[in-house]
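Below is one structure, written out as structure tokens, with a few remarks after it.
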Amino acid sequence: MRSIARLTVVVCLLAASGWAAAPAPAAINSSEDLQRQDGDVGQYGGRLVIGQRAEPKTLNPVTATDAVSREVIGRCHADLISINRMSQKTEPALAESWKTSPDGRSFTLKLRKGIRFSDGQPFDADDVVFSFNLYLDEAIGSPQRDLLVMDGKPLVVTKLDQYTVRFTLPRPYAAAERLFDGLAMLPKHLLEKSYHEGHFAQAWSLNSAPAEIAGLGPFRLKQYVTGQRIVLERNPYYWKADRNNQRLPYLDELVFLFVGGEDQQVMRFEAGETDMVSRLSSENYSLLTKEQSRSGWQLADLGPSLEYNFLVFNLNDVNAGKMGEIARKQAWFRDLKFRQAASAAIDRDSIVRLVYGTRGTALWGNVGPGDKLWMNQSIPHPQRSLDAARQLLKSAGFSWNGSGQLLDPSGKPVEFTIVTSSSNTQRIKMATLIQDDLSHLGMQVHVVPLDFRAMLDRVFQSFDYEAAIMGLGGGDPDPNPEMNVWMSNGATHIWHLNEAQPATSWEREIDTLMQQQMITLNYAKRKQLYDRVQQIIAENVPFIFLATPDVLVGAKSQIGNFHPAVLDHYTLWNADQLYLRAATRGVERAGIR
Amino acid sequence: MTYVLQRLLRSILLLLGVSLLCFLFTEMAPGSFFDEMRLNPQISPETIATLRSQYGMNRPLAVRYSRWLVSAIRGDFGYSVAYNAPVAPLLWTRAKNTLLLTLTATFLTWLIGVPLGLLTASARGKFADKVATPVSCFLLSVPEIVLAVGLLALVVRWRVVPVGGMMSLGFEDLSLWEKIRDIAVHMLLPVSILVLGGVAIIERHVRASVIEVLDTPYIQAARGLGIGRVRLLFRHVLPVAANPAISLFGFSIAALLGGSLVVEVVTGWPGLGPLILDATMSRDLYVVIGAVLLSAVFMIAGNLIADLMLLASDPRIRAGESNAT
Amino acid sequence: MRPKAWIVVLSALLAALHLAILAAGFIAPYDAASQNRDLSYAPPTHVHLRDASGWHLPFVYRWIPDPDGYREDTSTRYPIHFFTRGEAHKILWIFPSNLHLFGVDEPGRILIAGADSFGRDEFSRLLYGGQISLAVGLLATFITLAAATVVGTVAGYFGKWADEFLMALGELFLCLPWFYFLVGARAFLPLHVSAAGTFLLLIIVIGIIGWARPARLIRGIVLSARNRNYVLAARGFGGSNFYLLRRHILPETFAILLTQAALLIPQYVAAEATLSFFGLGVSEPVPSWGNMLSALQQYNVLVSYFWLLAPAAALVITSVMYWLLADVLHHWIQSHSIN
């Protein structure tokens, strides 16, 4: 034990020397247009360590597709307009103000003056125009591109003067300022060369030298150690300050350790090797709560997330010759009463209890209670009722044989398969509960876990499945990102893809309503339209909504300004304001290696 | 010498065969790297199609294979879609860490396994053997991953060594001695898991073949002549009983790159494990194929070494080889 | 104990274990799939003999959910009945019955080995799960080793091209990315594979992937055995290849085969869970030791619910018994053949 203690002392000394190496915040210059942040005034210094499930793949904000890379990239860059993770509303960021034209098509943004990238170079409208060119360039194939293209036409960016930019949309778009959230503004002076030489996609890889990378976020790259960690250090030129006019961020360093998985995240946190943990499963959360009194962690259940899990039946047009069995069963799946009966028989409360350990919420619609702005409160939450389910089935011509098996109108037993991703134990659990629930109706349900991408291939490509349990949502609470789920020609209209025209009258009505809400600028009117959409979805059950997990997070108690949110990134969205309380810093450091 | 050359030729053909089958297998498996983006309602199928064609994923299999061959000859071994970088450097940097782990573990495994096998064989039916059998059965029956998670859980509670990883923060500023010590402390857990799993296998095989030899008449006779126990075991029994151990040793070399993947993932060791797991699941195909070929090289080398050792250890095999020609 | 007594005791224990697993329906108090959602992760039921009112025949109490897990509801005693009627099951998959060795009256529940996350009786699942796991483990091991013996012997005994070809094939099989093969193969199979189909699939897949290593081990031994003086002598006397193999060479591989069997059986039991990842294994709600073991990979399960270690314990105990039996038998046969 003593040798371990000695090792920790060594590590402490090191940690101290590490802080000394961090750049001090640059003195505040009166010409800088800094943003003042509310919140506790913290203390400078210290290092925050986060465990990541996997290794990031790139540091390029334009091409990154995976969540882990975005988690790191997000701390190094800034956007023009941000969605505040607490209020879920937009607020000024690099643009200190903006004006919308009366027709809602044109946005004029005033940029902050005198602010600098993390390499000390100034930021202005040229960087904004350059960045948008990158996002819009088809050859780069940025995943953000589709946000900025409407009806096949891209939005147009014009520089009005050094600190003013105008964005013109091809058509009116409700809440268009939300589009800017998460679009990193990039330094033209560093990226222009690789862009013109045509190898932008390779720029800013993990092996790029820190000097080649700069951003407007609170931190900048210090070091990448293959397979082990990424170390970010304070951006000394960051454009936010606290109430006492001290430049943010407080932390010297932000370290991302690649730990290998969710369980490892929890173990490292439990052992004191990391300082914060987010997206906890309910089981791991309750494991931590048992030790909370001893450890003094701050653990938080933030309530329902925006993710919705659902059971979907395959209503696609399948080739009856090749997939006769599925085509035959689709006669049931297409029957609204069959879907309603299945929905009525599913015990959502047990899903919440057994899958989420009561840290979740049952769902009856696509918008859950986590989305306070948009949820339609009038959608009914019927209790589970096997009687109601049996009534529905009976009225649809189904019957039961002597041994309680459910028979379809042609006398064949009702038997189908639910596929789900084998890497998601929670959804396999849901499937097992549903299997048991539906067996009480005499349905024989098989559960088949599949490799995630093999399952996606069946759902999106081959249509070779009968029913699936999946999850969607979780990003922006606004209805617009959901367009492609509900529009009949949408690419995420999972239950029936590639509809040339709306297959049913209610899908046609949803199409109209969704189109309308997208161009309606008034919130109350939009809400009315979207409420109706939610109502139609609930009545016609294209998805059987199951439940949403709570957002569960934890942090060491000495972390100040810890204000986790239900939106991504749950705990690090305000990394610029996080700080370590000095009183406990020295003591606690001893626990970190 | 001709034997070795012949084996090398066979190995090249084998590697070609492996790479071809890799392509066929990956072609067969549904799903592609960009599939996950389909779940994001904000990304259009057109964007995904553009990305696919940019990476040449929609080319015919033959074209992709020949391109890959060219790239392999150049030393890149294809291009990783996820990392947007050539495969070979991705593998190399991590393979070093994997080898550090597995070489240590393999060395310890054999260092412990062989004497333990000799001990349990010569103490057959006695106390040491009675303890060893259930312990070995336990280690052979419990899946490695469960063992690993269990040991990690203990470490989380006892805090005697770090819970995974390879280096402490601030490793760069340590003196050489402290660096070695730091890595050693981090290695303790993954090496223990690997050794625990491996020792049981070797101990059991050595025990079985040593008992077989101990029962033969000439050893019984040697015993009768009063040759000391230790001398008997090491000088007379072990060389004869070594045959299966040599084949196993070949497997050990073959497993240097691929044998520790699970342990690396669970303990966050920055080797090939996390990379390959991630690449396999996300269909970053060239990374997987590169890793498969790299471990195939180790397997070929391991088996070749084992065969040469078999020849060396047992003159009769050598005689048989020449007889056959 | 003398070797003979050991053989009798171990055989009897193993026979009892296998009988219990075969007659799972009768011995298990509940169906393997029957959920009891109020008893998620309930710990093993305590069996009592006395309460405030004095001594009784064995009885249990109900578990009542409690903020810290579960506590006993001591208001009602549930005596344990033997040869009692309960949930319907089939003995040996054919004869319908509802007779159980033991049980308690509803709503009491006797959970000898606790409950899993769905409140399913772990003990019942262990017995039912043993059916498929032991069958797959034993049969797949047998097939693998049979194939390995044939390949290894042919390669080692005939040498030259046969050896080159078979060993190269083995190396090929050992290094291919089976992950993609299995994902691909799954796409060609029907969505739902029946229980019998799953069983066959498991054995085939395990056999295809598993033969190469033991084949190399056996080949090494054959290689050395075929040039022993007495083998050469026997050959000189005109012994046929078949005779030489059977009389002199295959017996040399016996010890390694036993060792490999002991190694492979537990590995294959666990491999079944790996194949479930591809939708090729046993799927919910059917239990197997493999899929019960795989729950232990989750950190919170491993540290919170000790009774879920039961499948690991079952596997270890079974394999220790097999091992001891094989060891004693081997020794006994050998000493007899020498005498």
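Order of the sequence lines sets the chain letters (A, B, ...), proteins ahead of strands, with each chain counted from 1.
- Interface residue B:Thr26: backbone and side-chain heavy atoms are both found under 4.5 Å from chain C.
- Proximity to chain C (any heavy atom under 4.5 Å) is shown, for B:Val266, by neither the backbone nor the side chain.
- The closest side-chain heavy-atom distance from C:Phe179 to B:Phe25 is not below 4.5 Å.
- When B:Ile201, B:Val142, B:Leu13, B:Leu293 are compared by the number of non-hydrogen pairs under 4.5 Å with chain C, B:Ile201 comes out ahead.
- Between the CG atom of C:Leu324 and the SG atom of B:Cys137 there is a distance of 7.0 Å, given to the nearest 0.5 Å.
- In this structure, the separation between OG1 on B:Thr133 and CE on C:Met321 is 14.0 Å, given to the nearest 0.5 Å.
- When all heavy atoms are compared, the tightest approach of C:Leu315 to B:Ser141 is CD2-O, 3.4 Å.
- Residues C:Leu296 and B:Val149 have side chains not in contact (no heavy-atom distance under 4.5 Å, counting atoms from C-beta outward).
- Residues C:Phe181 and B:Leu21 have side chains not in contact (no heavy-atom distance under 4.5 Å, counting atoms from C-beta outward).
- Interface check for chain B: of the options C:Arg219, C:Gln298, C:Arg186, the most heavy-atom pairs under 4.5 Å are formed by C:Arg219.
- A distance of 8.0 Å separates CG of C:Leu223 from CG of B:Asn243, quoted to the nearest 0.5 Å.
- In plain terms, the two heavy atoms of C:Leu217 and B:Ser247 that are nearest each other are CD2-CB, 3.5 Å.
- Counting only heavy atoms from C-beta outward, the side chains of C:Leu172 and B:Val18 approach each other to under 4.5 Å.
- Atom CG of B:Leu14 is separated from atom SG of C:Cys175 by 6.0 Å, given to the nearest 0.5 angstrom.
- Using a 4.5 Å heavy-atom threshold, the side chains of C:Val183 and B:Arg283 count as touching.
- Of the two parts of B:Ile246, neither the backbone nor the side chain holds a non-hydrogen atom closer than 4.5 Å to a non-hydrogen atom of chain C.
- If you tally non-hydrogen atom pairs under 4.5 Å between each of B:Leu154, B:Asp307, B:Leu248 and chain C, the highest count goes to B:Asp307.
- Open room surrounds CZ on B:Phe138; 12 or fewer heavy atoms of other groups in view lie less than 6.0 Å from it.
- In this structure the side chain of C:Met167 never reaches within 4.5 angstrom of the side chain of B:Arg7, judged on heavy atoms.
- Using a 4.5 Å heavy-atom threshold, the side chains of B:Met28 and C:Leu182 count as separate.
- A donor-acceptor pair under 3.5 Å is absent between the side-chain atoms of C:Tyr299 and the main chain of B:Leu152, judged by distance alone.
- Interface residue C:Ala187: only side-chain heavy atoms are found under 4.5 Å from chain B.
- The two residues C:Gly184 and B:Pro30 have their closest heavy-atom pair at CA-CD, 4.0 Å.
- Judged by the 6.0 Å and 45° rule, C:Arg216 forms no cation-pi pair with B:Phe251.
- Once rounded to the nearest 0.5 Å, the distance linking CD of B:Glu144 with CD of C:Gln267 reads 10.0 Å.
- Each of B:Ile145, B:Thr280, B:Val288, B:Val146 has some count of heavy-atom pairs under 4.5 Å with chain C, and the biggest count is that of B:Thr280.
- When side chains are defined from C-beta on, B:Leu140 does not count as touching C:Ser319, because their heavy atoms never get closer than 4.5 Å.
- Nearest heavy atom pair, residue B:Met299 against residue C:Glu171, reads SD-O, 3.7 Å.
- With a 4.5 angstrom heavy-atom cutoff, B:Arg10 touches chain C only via side-chain atoms.
- Rounded to the nearest 0.5 Å, atoms NE2 (B:His205) and OG1 (C:Thr259) are 5.0 Å apart.
- Neither the backbone nor the side chain of C:Tyr268 comes within less than 4.5 Å of any heavy atom in chain B.
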